[in-house]
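Not measured: the values here are computed from a predicted model.
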Amino acid sequence: MAATATAASTSAIPEITILKRHREDLPLAQNKFLKKTAKGKVLQFLRERYVRDDIPCGFSACALCNEFPGYRAVLPQRGYARHSKFTGKNGHWLVIDTNVVLHQMDLLTALPPQLPIIVPSTVIRETRHRSLPLFNRLQQLVLDEDRCVWVWWNEERRETATFGVEENEVVNDRNDRAIRQTLHFYPKHLSESAHEAPDLILLTDDRRNRELANAEGLIATSTRDYVDGLQGEVRDRLVDLVVGGVDEREPTDRRARRIYDEETLNVGVKSGRFLQGHFNADQYNYLEGTVRCHGMSKPVLLVGRQAMNRSVDGDLVAVELLPKEEWKAPGDEVLDQDIALKDDDVEGDEGADSEAIKEKEERMDTAEVTKKAPKEVLPTGRVVGIMKRNWRAYVCHIDRSSLSEAALTSLSQQTIFATPLSRALPRIRLRTRQAPALLDQKILVNIDSWSVNSRYPDGHFVRALGKVESKEAEQESLLLEYEVPYRPFGKAILNCLPKEGDSWVVPEKKPENLEWRDREDLRDLLICSIDPPGCQDIDDALHARVLPNGNIEAGVHIADVSHFVHADNPMDSEAASRGTTVYLVDKRIDMLPELLGTNLCSLRPFVERLAFSVIWELSPDAKIVNVRFTKSVIASKEAFTYAAAQQRKDDKALKDPLTDSIRLLNSLAIKLKAGRIAAGALSLSSPELKIHLNSTESTAPIDVEQKEQLETNSLVEEFMLLANISVARKIQEAYPATAVLRRHAPPPKTNFEALQDILQKRKGMTLDVSSSKALADSLDLCIDPELPEFNTLVRIMATRCMLAAEYFGSGSVSKEAYGHYGLASEIYTHFTSPIRRYADVLVHRQLSAAINYTPLHPTLQSKQHVERALNVVNKRHRLAQMASRASVEFYVGLALKSRTEGTTNNAVREEAFVIRTFRNGLAVFVSKLGLEGLITFKHDTHEFDPENYLINVPTPNGGSKQIAVFDRVKVDISIEKDPNTQRGKVVMTLVEPVSSVGL
Amino acid sequence: MSRLEILNLAGLRHDNRRPYELRSLALSLSPSPTADGSAQVTQGLTTVQASVFGPREPRQRAAAAHDKASVVVEVGVVPWAQGQGGSRSRGDKRLLEIGAAIRQTFEPVILTHLYPRSEITVQVQVLAADGGILPTAINAVTLALIDAGISMLDYVTAVSVGLHLKQAMLDLSAPEESDLPTLVVAALPESGRVTLAQMETRLHVDRFEEMLRLGVAACSVLKEEMEAAVKQRTTRVVERMAISAKGAAKDD
């Protein structure tokens with residue numbers, strides 16, 4: 001019986017009806033609206049809409065609606081009466097509007113469950129449009145059976161449906177009008193089935209809406225007033241939850257100013273009213289930032305939170321320049337936000353007066369400085385809009401001080417601060433339930449929004465990376481922070497490898513084996529490779545021999561990666577997106593799968609490998625007579641380390657042909673280098689450190705030393721440069737529009753101004769920056785006999801004034817701009833390391849097509865494609881360098897820590913050089929450790945002379961001691977763990993000439 | 001991301017219909033005097049006009065079949081139908097497909113053997129498109145064929161059926177059509193036979209059966225509406241003929 005009944009019910013066909021449209025519905029029946037597409041095209045949409053009579057009102061005693069589908073008796077006959085202001089004898093119901101949902105959601109969920117609330121469907125629709133998370137919370141609220149929350153489908157029901165937007169009415173006003181319709185409808189409707197009905201109160205924080213409602217004879221109140229009037233403990237519980245209310249929260253002048261809408265910004269940028277550029281936050285002063293804009297020789301300075309207007313490091317922003325009289329010089333004070341803002345409360349944004357004062361002080365100071373040193377004044381502006389956010393996941397620590405003591409064990413949701421690893425980023429506010437568990441972890445946090453009223457961005461927790469200072473967590477956080485893709489290679493990528501795997505060998509030399517097609521057999525040549533110790537991805541090898549005519553044949557053989565990595569397959573696109581291999585101290589993140597990188601492509605000794613060779617005929621004084629490029633098969637005879645090659649070369653007893661060819665190469669390299677230097681190549685300097693790891697398992701006892709430069713280093717370098725230049729010429733000739741080249745633009749002279757001034761004032765030396773040759777010569781003259789390291793120091797500082805070299809497609813700049821400033825070559829590319837750089841792979845493909853070995857893949861003929869690919873490579877390259885530097889820094893920190901452990905004051909004493917003076921401190925450089933640090937003076941007992949870059953520091957016996965830029969000082973370096981952020985921090989204190997303890 | 005809500009909390013669709021409610025239907029017969037029979041059908045904001053020419057001598061002799069009439073369907077969309085400039089040319093594959101679907105739907109229903117060596121041309125013009133072009137066109141062609149007095153087995157009515165999660169819904173509008181798997185059902189409501197079931201998306205077979213059933217049921221609802229319109233029209237024609245006959249008799 002039951003079975004047949006269910007069968008009948010499943011097969012029963014529901015009632016199908018055709019809706020009839022009444023003539024009077026017509027104005028309501030169609031909804032016309034305009035929409036702008038991403039391309040900026042405006043489309044008109046026409047949607048049909050029906051109005052219904054069968055929408056239930058939800059009143060428990062309603063005689064009219066109880067038959068309608070979806071009716072539930074939710075709204076009680078007697079409303080909520082425990083309110084001191086609204087004392088109607090039947091109590092009241094609330095009708096809420098959209099901004100209450102958007103801003104007061106926490107309050108809504110906390111309201112007493114017996115308080116009847118009507119949510120008009122206009123509110124639901126608008127919330128859904130504005131914020132899906134809030135929409136979901138609202139939906140939960142509506143579906144909660146324990147509450148008296150009823151959705152009134154006002155737009156759907158005939159009586160309350162609103163016409164489209166009226167003249168001079170914005171959408172917001174229309175929605176408010178629709179919501180007010182509900183308040184008109186209910187009393188009328190209720191009076192038909194009940195004599196006494198509760199009052200309806202409109203809850204809104206929009207002042208205008210309240211005024212209009214009052215004018216229409218409705219009761220309206222703001223959230224604050226409503227909660228204020230509640231009685232008993234409900235009030236006490238809810239009062240904290242009220243968010244200020246929109247009309248009371250007009251952004252004050254002190255805070256961020258209004259951001260223009262996108263349209264205005266685009267027009268403004270195009271018309272030149274605004275400048276566009278990437279925002280760079282200042283590492284030393286969190287209230288300052290700069291924006292490098294196209295067409296400005298100096299960066300635009302942004303001073304103060306208001307001018308920075310919620311930009312985060314890396315955002316593309318539009319900047320408006322201030323009038324010239326308001327231009328400022330960058331501040332000369334170190335402002336650490338962790339310290340300055342440590343008392344800021346997470347929840348509240350108030351109580352930040354201390355900072356306001358600081359800001360004001362700073363403004364005064366900068367005014368002073370402006371008068372003093374007009375040269376340093378930078379164009380100053382303010383951010384008027386953010387064109388594109390560049391937010392990603394940031395590695396952070398949780399700020400312990402933002403947690404209350406009680407919260408340390410509680411699992412309830414709380415709002416806390418997360419401090420990003422990078423100093424250029426603001427603290428991020430996030431809500432989490434697992435704060436105690438995350439305290440000593442590195443965590444990944446995403447920024448979600450930064451509201452106008454807040455001084456901090458809001459974010460959310462993504463995942464935990466592991467314990468602070470554990471090797472794994474630090475490593476992963478490093479990779480994440482510099483956006484290094486480190487996932488293992490996927491199956492699709494591995495499928496692109498040769499099927500034979502590591503048993504792949506160069507096949508026999510037979511015409512039917514395609515590998516040998518057009519390849520030169522160079523297996524008999526005495527080829528060897530010279531690399532750093534422990535190198536597994538050997539991508540270059542060399543040979544040289546004397547030709548019968550007295551000239552010398554020299555060859556550079558590069559791993560033939562393009563034979564294995566074909567254009568446009570999964571492996572190629574993965575390599576393109578990785579861009580480069582990243583070397584960390586203890587780990588290498590490969591660009592290509594290991595099988596290729598360290599085996600099949602790697603030019604290991606004693607096996608046959610495919611190579612791409614550049615072979616020159618050089619005259620005995622190292623002038624190029626002839627050059628040819630060919631695919632080849634080689635068999636390396638030996639893999640030397642730099643030291644081993646050096647030793648072999650220097651060992652006079654050895655007379656074998658291999659050693660002779662190294663000597664031959666070396667003699668050529670010396671001549672090549674001399675030629676380069678004569679042409680004006682710079683020898684710049686950046687501190688390179690070597691980290692000793694005792695074993696790979698343990699992190700503890702390690703040591704740091706500076707890398708040694710051997711003659712053989714320069715040997716390999718010279719030949720690689722020669723190969724790169726020769727290849728660059730060839731591919732530029734073959735593909736003038738799309739050749740992959742590398743250039744190093746000459747730095748603008750203004751970059752050197754500061755350094756020139758310091759040198760002039762401190763040492764009486766001049767730096768001629770008119771050309772790279774002049775610079776190289778004048779750098780050579782910067783010698784202080786008392787300070788042997790002085791020259792290196794100047795070189796390091798000069799290097800920092802340079803621009804970064806970059807890859808580019810030859811069609812995108814004029815031929816005059818191809819030049820490489822640092823190498824003093826008119827054209828340059830990267831050809832010699834295809835295993836670890838993607839640009840080299842592209843160059844290999846182009847060269848291989850240029851010698852008619854393979855046809856050129858169509859993507860390499862498209863200018864846009866080449867430029868897009870190179871943009872990725874440039875970015876990856878930059879980030880990879882930063883990642884390896886950070887990795888070294890981390891290990892230097894560990895090494896310092898292990899070294900400091902035995903000492904009395906937990907510090908290492910090192911020699912350092914002052915590189916910058918601040919009003920309240922010094923920046924010093926410890927060349928032995930490649931470490932830069934800050935010494936800050938807490939008390940104002942010293943005198944700062946910005947003109948002469950010096951500080952007069954009082955000595956304990958009453959005198960004073962002068963410390964200036966380039967002075968040699970002694971510092972104590974120790975590692976201190978910041979108790980709040982868990983960030984291991986290098987702390988330096990001055991020991992000589994004056995101890996900075998107590999300053 | 002599309003923020004169109006297919007079914008909201010109250011179980012209403014974006015245009016406030018419930019799942020089993022069809023859009024408002026307006027039928028008009030013989031709007032075009034030049035054709036042998038014509039009809040205009042408006043379902044919601046979709047309007048389709050169909051004109052029937054024939055049975056007549058085929059324009060191409062070779063196309064004639066000796067024992068039955070051939071059916072030719074041409075479909076056109078007026079440029080302003082889509083509202084946003086997405087105009088379709090005559091040779092558009094999509095329109096050819098709709099034409100073929102209409103021809104296949106009607107070939108077995110028209111009693112073609114009664115009209116040997118002749119041709120029945122059906123011209124379909126979409127005047128406004130807001131989803132459900134094919135079902136509306138089929139309904140219009142049925143009425144136009146009836147208006148032209150061509151013998152058929154039964155009315156052919158059609159409706160589109162969509163599926164949102166587990167809820168089937170009838171007569172989809174354009175925004176719904178782009179979001180949901182859609183089945184077009186054309187049926188002979190009298191016998192319950194299905195002459196067309198067209199679907200371009202994948203669907204679980206159990207759901208398919210339910211949707212097909214629902215579509216056939218909706219087709220018979222449509223048929224009643226269409227029959228009423230035809231009867232009303234015929235009654236009026238008969239009345240007018242009687243008046244004119246009377247007038248003619250008087251003249252004699």
Side-chain angles (χ1 to χ4, degrees), chain A residues 10-22 25-26 28-32 34-35 37 41-56 58 68-72 119 121 124-125 127-132 135 138-139 142-143 149-153 155-158 161, chain B residues 1 3-5 8-27 42-46 80-86 128-131 159 161 167-171 173-176 192 206 209-210 212-222 224-226 228:
Chain A
T10 48
S11 63
I13 287 156
E15 199 196 349
I16 296 168
T17 49
I18 301 175
L19 283 183
K20 284 286 168 202
R21 185 187 295 301
H22 297 277
D25 288 349
L26 227 83
L28 294 170
Q30 295 183 352
N31 180 19
K32 207 179 231 179
L34 301 170
K35 214 180 202 172
T37 63
K41 207 169 145 193
V42 177
L43 296 181
Q44 189 183 55
F45 286 88
L46 181 65
R47 293 271 165 83
E48 200 184 15
R49 179 166 79 130
Y50 293 85
V51 287
R52 311 192 66 95
D53 296 312
D54 61 348
I55 300 288
F68 295 155
Y71 172 82
R72 282 186 302 141
V119 187
S121 63
I124 295 198
R125 189 162 303 149
T127 309
R128 188 166 190 276
H129 195 72
R130 300 278 286 277
S131 155
L132 273 181
F135 171 76
L138 182 64
Q139 212 161 8
V142 168
L143 294 176
V149 180
W150 180 253
V151 181
W152 170 243
W153 297 92
E155 297 284 2
E156 285 74 4
R157 174 104 178 195
R158 187 185 309 278
Chain B
M1 182 188 62
R3 291 222 165 170
L4 179 78
E5 211 176 5
N8 64 22
L9 279 174
L12 297 174
R13 288 149 76 169
H14 77 102
D15 51 4
N16 303 347
R17 283 185 292 154
R18 293 190 197 282
Y20 298 141
E21 284 172 345
L22 304 175
R23 293 182 286 181
S24 76
L25 180 70
L27 311 168
T42 303
Q43 281 182 269
L45 295 180
T46 304
W80 59 86
Q82 243 98 19
Q84 36 198 278
D130 184 32
V159 74
V161 190
Q167 177 67 59
M169 41 180 69
L170 287 168
D171 196 8
S173 60
E176 287 171 333
D206 294 349
E209 190 189 338
E210 185 192 325
L212 194 64
R213 250 178 230 284
L214 184 71
V216 173
C219 281
S220 54
V221 173
L222 279 171
E224 276 163 35
E225 199 76 8
M226 284 160 72

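Proximity to chain A involves both the backbone and the side chain of B:L9, based on heavy atoms less than 4.5 angstrom apart. Looking at A:F135, the atoms closer than 4.5 Å to chain B (heavy atoms on both sides) all sit in the side chain, from C-beta outward. Only the side chain of A:R52 comes within contact range of chain B, with heavy atoms under 4.5 Å apart. Neither the backbone nor the side chain of B:Q43 comes within contact range of chain A, judged by heavy atoms closer than 4.5 Å. The parts of B:R18 that come within reach of chain A are both its backbone and its side chain, each placing non-hydrogen atoms under 4.5 angstrom from that chain.
In this structure the side chain of B:L214 reaches within 4.5 angstrom of the side chain of A:I16, judged on heavy atoms. Side-chain contact between B:R23 and A:L19 is absent, with no heavy-atom pair separated by less than 4.5 Å. Side-chain contact check for A:Y50 versus B:S24: some heavy-atom pair is nearer than 4.5 Å. Between B:V221 and A:I18, some side-chain heavy-atom pair lies under the 4.5 Å cut-off. Annotation: side chain of A:W153 is not in contact with side chain of B:N16 (no heavy-atom distance under 4.5 Å). In this structure, A:E156 and B:L12 have side chains that are in contact, with non-hydrogen atoms separated by less than 4.5 Å. Between A:T17 and B:L22, every side-chain heavy-atom pair lies at or beyond the 4.5 Å cut-off.
We find the CZ-CD distance between A:R128 and B:E5 to be 4.0 Å, quoted to the nearest 0.5 Å.
Salt bridge A:K20/B:E21: absent, no basic N to carboxylate O contact under 4.0 Å.
Listed options B:R13, B:R17, B:E210 were ranked by heavy-atom pairs under 4.5 angstrom with chain A; first place goes to B:R17. Note on B:L25, B:D171, B:D130, B:N8: by heavy-atom pairs under 4.5 Å with chain A, the leading option is B:N8. Interface remark: of the candidates A:E48, A:R125, A:E155, A:E48 forms the most heavy-atom pairs closer than 4.5 Å to chain B.
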